[in-house]
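Each ligand, and each atom within it, is numbered from 1 in the order the structure gives. Values below: every heavy atom of this structure, side chains too, minus hydrogens, waters and symmetry copies.
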Amino acid sequence: MFMRLILLGPPGAGKGTQAQRLVHHYGIIQLSTGDMLRAAVAAGTPVGLKAKDIMASGGLVPDDVVIGIISDRLEQADAKDGFILDGFPRTVPQAEALDRLLQSKDFALDAVIELRVDESALLQRVENRVAEMTERGEQVRADDKPEVLSQRLASYRALTEPLIRYYSERSKLLTVDGMMAIDDVTRDIRRVLRRSGVPMSKFGVRRW
Ligand code: AMP
């Protein structure tokens with residue numbers, strides 16, 4: 001399949017989980033700026049040094065830094081057959097930069113999937129993630145703490161939520177109820193994509 005998608009939603013909405021499932025189902029790659037930044041922090045690169053404290057406090061890393069990371073990543077060969085952006089864009093300037101980047105490559109964005117969830121459920125979901133990661137013996141994220149979560153939510157509300165309107169005005173937005181069980185959310189994402197005619201064979205006719 002050949003798709004360029006964005007997953008949009010607050011922390012704990014299930015973007016990462018659903019992105020992985022889409023990767024398996026459609027055979028496209030997942031590009032998570034959060035994962036890339038965590039790798040940069042772990043490796044102690046200049047980007048990582050810049051991002052570390054901001055991430056730990058629940059703020060957003062400056063637009064130019066994440067735009068640079070995504071721009072480099074989209075240059076790589078595996079991105080040309082489609083991708084799912086998970087956690088990018090997170091601000092209107094990032095969305096505008098992405099539009100320019102895609103345009104310069106003659107790439108079209110197919111859809112933005114918004115995972116809509118009740119805010120009251122998010123803390124519990126992040127607590128579940130912490131418990132699951134601990135059980136698997138994985139290192140828990142430095143920002144998966146209740147006090148940081150409220151800051152991450154505030155960042156989402158102030159800077160990321162406006163993207164819902166941005167993409168709705170561009171007729172790209174598909175909203176899915178993210179409160180359902182994980183399998184049901186996956187099924188619904190596939191259903192709304194199918195309904196809007198997005199999944200395309202690599203050799204099929206594109207709709208741009
Ligand atoms: P995530 O794994 O997507 O929840 O991202 C973890 C953290 O990385 C966020 O709370 C931000 O500090 C930072 N981050 C990830 N993606 C972006 C982005 N597109 N813009 C700014 N900061 C980001």
Side-chain angles (χ1 to χ4, degrees), residues 4-23 29-74 79 83-102 109 112-117 119 121-130 132-133 136 138-164 166-167 172 178 185:
R4 300 188 189 96
L5 304 176
I6 292 174
L7 274 177
L8 190 62
K15 297 188 296 294
T17 304
Q18 295 300 333
Q20 277 166 20
R21 289 169 161 233
L22 293 169
V23 163
I29 58 169
Q30 171 190 10
L31 301 181
S32 155
T33 40
D35 285 349
M36 294 176 207
L37 288 166
R38 278 185 288 278
V41 170
T45 65
V47 163
L49 293 177
K50 224 186 259 185
K52 188 173 186 211
D53 292 345
I54 301 171
M55 291 172 77
S57 67
L60 290 189
V61 174
D63 287 337
D64 59 332
V65 174
V66 281
I67 291 166
I69 293 178
I70 281 292
S71 163
D72 289 348
R73 188 62 186 83
L74 290 179
F83 47 77
I84 305 163
L85 288 168
D86 156 17
F88 181 93
R90 254 182 166 93
T91 65
V92 170
Q94 288 181 23
E96 290 167 347
L98 178 65
D99 282 346
R100 285 193 297 271
L101 256 173
L102 294 178
L109 183 67
V112 178
I113 299 160
E114 180 208 355
L115 294 179
R116 191 166 290 177
V117 286
E119 260 188 32
L122 297 176
L123 180 61
Q124 187 59 50
R125 285 181 170 210
V126 170
E127 280 173 356
N128 292 349
R129 171 159 73 199
V130 169
E132 284 162 17
M133 289 179 87
R136 288 198 298 263
E138 292 169 12
Q139 204 180 0
V140 172
R141 286 172 49 164
D143 57 352
D144 271 351
K145 298 186 190 108
E147 61 282 13
V148 182
L149 182 68
S150 63
Q151 186 51 52
R152 287 163 63 203
L153 263 177
S155 304
Y156 178 79
R157 258 186 243 117
L159 297 163
T160 311
E161 218 164 51
L163 293 181
I164 292 174
Y166 182 93
Y167 287 118
K172 296 287 182 197
V185 177

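Closest to atom 16 (N) of ligand 1, if we only count protein heavy atoms, is Thr33 OG1, 2.8 Å. Nearest non-hydrogen protein atom to atom 22 (N) of ligand 1 is Val61 N, 3.1 Å. Arg141 NH2, 3.1 Å is the protein heavy atom nearest to atom 4 (O) of ligand 1.
Here is the list of ligand 1 atoms found below 4.0 Å of a heavy atom in Arg38: 2 (O), 6 (C). Counting the atoms of ligand 1 from 1 in the order shown, those under 4.0 Å from a heavy atom of Gln94 are 18 (C), 19 (N), 20 (N), 21 (C). Counting atoms of ligand 1 from 1 in the listed order, those under 4.0 Å from a heavy atom of Arg152 are 4 (O). Near Leu37, meaning under 4.0 Å from any of its heavy atoms, are these atoms of ligand 1: 8 (O), 13 (C), 14 (N), 15 (C), 23 (C).
Proximity of a side-chain donor or acceptor of Arg90 to a complementary backbone N or O of Gly87 within less than 3.5 Å is detected. Remark: side-chain polar atoms of Lys15 are not paired, donor with acceptor, to backbone N or O of Leu8 under 3.5 angstrom. Arg152 places a side-chain N or O within donor-acceptor distance of the main-chain N or O of Asp143, the cut-off being under 3.5 Å. The backbone N or O of Val148 sits nowhere less than 3.5 Å from a side-chain atom of Ser57 that would complete a donor-acceptor pair.
Screening Arg125, Gln124, Glu132 against Asn128 for a side chain to side chain donor-acceptor pair (under 3.5 Å) leaves a single residue, Gln124. Each of Val66, Val65, Val61 was evaluated against Val47; a single residue qualifies, Val65, per the side-chain contact (heavy atoms from CB on, under 4.5 Å) test.
Using a 4.0 Å cut-off between heavy atoms, Val66 contacts ligand 1 through its side chain alone, with no backbone atom that close. Residue contacts with ligand 1, taken as heavy atom pairs separated by less than 4.0 Å, do not involve Thr91 at all.
Of the listed options Arg90, Met55, Gln151, Arg90 places a heavy atom closest to atom 5 (O) of ligand 1. Of the options Gly59, Ser155, Pro11, the smallest heavy-atom separation from atom 10 (O) of ligand 1 is shown by Gly59.
The structure places CG of Leu5 at 11.0 Å from CG of Leu31, a figure rounded to the nearest 0.5 Å.
Side-chain atoms of Tyr167 and Leu109, non-hydrogen and from C-beta on, do get closer than 4.5 Å to each other.
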